[in-house]
*Asks:* 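What follows is a structure written as structure tokens; I'll ask about it next.
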Amino acid sequence: MAKYIFITGGVVSSLGKGITAASIGRLLISRGLRIRMQKLDPYLNVDPGTMSPYQHGEVYVTDDGAETDLDLGHYERFTGQATSRLSNFTAGRVYWDVLKKERRGDYLGRTIQMIPHIADEIKAGIRALDGPDVDVILCEIGGTVGDIESLVFLEAIRQIGMEEGRHNTLFAHLTYVPYIKAAGEVKTKPTQHSTARLREIGIIPDVLICRSEVKLTEDVKQKLSLFCNVPPHAVIEEQDVAHSIYEVPVVLSEQGLDDIIMVRLQLEKPPARLDGWKEMLRTLIEPVQRVRIGVVGKYSELQDAYKSIFEAIEHGGIPHETGVDIEKIAAEDIEDSKDLERLRDCDGLLVPGGFGNRGMEGKILACRHAREHGVPFLGICLGMQCAVIEFARNVCGLEGANSTEVDKQTPHPVICLMEEQEKVVDLGGTMRLGAWPCTLRENSAARTAYGVAEVQERHRHRYEVNNGYRERLEAKGLVFSGQSPDGNLVEISEVAGHPWYVATQFHPEFKSQPMQPHPLFQAFIGAALQHAKRNPAS
Ligand code: GLN
């Protein structure tokens, strides 16, 4: 039976709880433990699939087609292990499932209550990760202690703590220790309050992980230990890292966090082996050269909307010992040609996925710029659709070509709704989702990058290249180098004769990891480096 580590957050949100949880996962794996990770979200949406990027950031897609929280992306990138639909659920999903059971009569007329029924459903969702091949389950509770919605989640993990016993459960509380500039001091009071709220519920944290902008003195750590009832050596500091989030596992390990976990959970494993990880970090921190990649998206101001894309771009530089400067360019700004200059300064351009028509013409202009100027290009999902539209309009002369998503009346619907999508009414969980196979054409840039004939990649879309236009596009040099095995769906398009112009209907960014950069991102950055060498002025 697996042991449990629960990670809660206090004081404020956005402390990087997901990165901390993922870092603990990395440490346990480095000690030879078999783990599963999970994020529970106390909000009421059934899943984040229908939420706006302004509210929620990126929607991360698993192999088995769940639309999930972006923290699962951190879990996969830090641990190298795939997550699944069991790895994320929300309060909305829990209530939904309980109410469905109630309607079916499963509760035999009993009164349905938060405790035990909702708490039981949450516990079942956590325990569902257990299995013969799991040593430790790491479960992160979203939100901040003190929120009304989180209460029943905290109650559920308290109960698991009681059921499993002291040596099978560990509670880690991530908190914020602010530095007050005017007083020149750090303050422990907010942390005292948030641990007090936890104690009210019946949870005494075993480990305090303190996010802070400055180094914590021994005095401060002693004070936190005393007031929060945590042994002094279990007060761990997580100061802002200087270069990369991938430094966090090292920072935590240096303070003995994984040893504390081993002792507390009575696990006997050799010390963490972080050599490979540190080697990767060294390249990230001290690259021998740099390239500039422009990301032309709808949400250029949002850090979280393209999380996995930004990470994957950075990973792509590692094998080339190359650091990447990412230029976030708002597609709308290109439309009124404000930012065209910025496109010219880039060694490579990426157009990410998206929905709706805002910024679409700007993205299409970016595709054109890359194609006409031999700039390495990676288009993803909507980015591929834009690349196909651009090619249809400007190379094939199909004036007004478009996607029916943005223009239902277009004379040339080169991108159209997939047949199976035509009858879909509900928005949630109804796209073509998750991993699907893709066969690669010989001698294509994609095949060269992957080095194999078939791959599995994750999808999240309703629209597709219209097969009725394939011949016309191919005749002018658009190469459909990746297709579904039955040949029915275009998965990858390339422009023949261009140094590197690859666009995918799927999302390669979800599978990229710092220890295993995605082949397409690696090839894309490689091509951008070549481009920079050819065009030193750019
Ligand atoms: N809106 C497009 C579609 O549904 C692209 C989706 C995406 O980029 N994830 O096909």
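What you are looking at is a predicted structure, and each value in this text was computed from that prediction instead of being measured. Start at 1 and go down the list; that is how both ligands and their atoms are numbered.
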*Asks:* Is the charged tip of Lys328 near the ring of Phe310: under 6.0 Å from the six-membered ring centre and within 45° of its axis?
*Replies:* yes
*Asks:* Checking a contact table here: which protein heavy atom is nearest atom 1 (N) of ligand 1, and how many Å away?
*Replies:* Glu405 OE1, 2.7 Å
*Asks:* Below 3.5 angstrom, do we get any N/O pair linking Leu382 and ligand 1?
*Replies:*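 Min N/O separation from ligand 1 is below 3.5 Å for Leu382.
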*Asks:* Any idea which protein heavy atom is nearest atom 5 (C) of ligand 1, and the distance to it?
*Replies:*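 Protein heavy atom at minimum distance: Gly354 O, 3.3 Å.
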*Asks:* Look up atom CD1 in Ile492 and atom CD in Gln505, then write down how far apart they are to the nearest 0.5 Å.
*Replies:* 11.0 Å
*Asks:* Distance under 4.0 Å to a non-hydrogen atom of His507: what atoms of ligand 1 satisfy this?
*Replies:* 9 (N)
*Asks:* Counting only heavy atoms, which portion of Met431 has something under 4.0 Å from ligand 1: side chain, backbone, both, or neither?
*Replies:*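 Within the 4.0 Å criterion, Met431 makes no contact with ligand 1.
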*Asks:* Show the atoms of ligand 1 that are less than 4.0 angstrom away from any heavy atom in Arg460.
*Replies:*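 Selected atoms, number and element: 6 (C), 7 (C), 9 (N).
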*Asks:* Verify whether one side chain among Thr430 and Arg462 offers a donor that lies under 3.5 Å from an acceptor in the other.
*Replies:* yes
*Asks:* Heavy-atom contacts with Arg462 under 4.0 Å: which atoms of ligand 1 show up? List them by number with element.
*Replies:*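 Listed by number with element, the hits are 3 (C), 4 (O), 10 (O).
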*Asks:* Atom CE of Met51 and atom CG of Asn45: how far apart are they, to the nearest 0.5 Å?
*Replies:* 4.0 Å
*Asks:* Hey, which of Arg432, Arg458, Arg441 is the one that makes salt bridge (charged side-chain N to carboxylate O under 4.0 Å, His left out) with Glu491?
*Replies:*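 Exactly one candidate clears the test, Arg432.
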*Asks:* When the aromatic ring centroids of Tyr246 and Phe78 are compared, is their separation below 6.0 Å?
*Replies:*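 Distance test on ring centres: under 6.0 Å, yes.
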*Asks:* Please determine if Tyr463 has a nitrogen or oxygen closer than 3.5 Å to a nitrogen or oxygen of ligand 1.
*Replies:*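 Looking only at distances, the answer is yes, because the N/O contact criterion of under 3.5 Å is met.
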*Asks:* Would you please indicate yes or no on a ring centroid separation below 6.0 angstrom for His412 and Tyr469?
*Replies:*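 Under 6.0 Å, so yes.
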*Asks:* If you measure from atom 7 (C) of ligand 1 to every heavy atom of Gly383, Gly353, Cys381, which option wins on shortest distance?
*Replies:* Cys381
*Asks:* I'd like to know if Glu464 contacts ligand 1, where contact means a heavy-atom distance under 4.0 Å to any ligand atom.
*Replies:* no
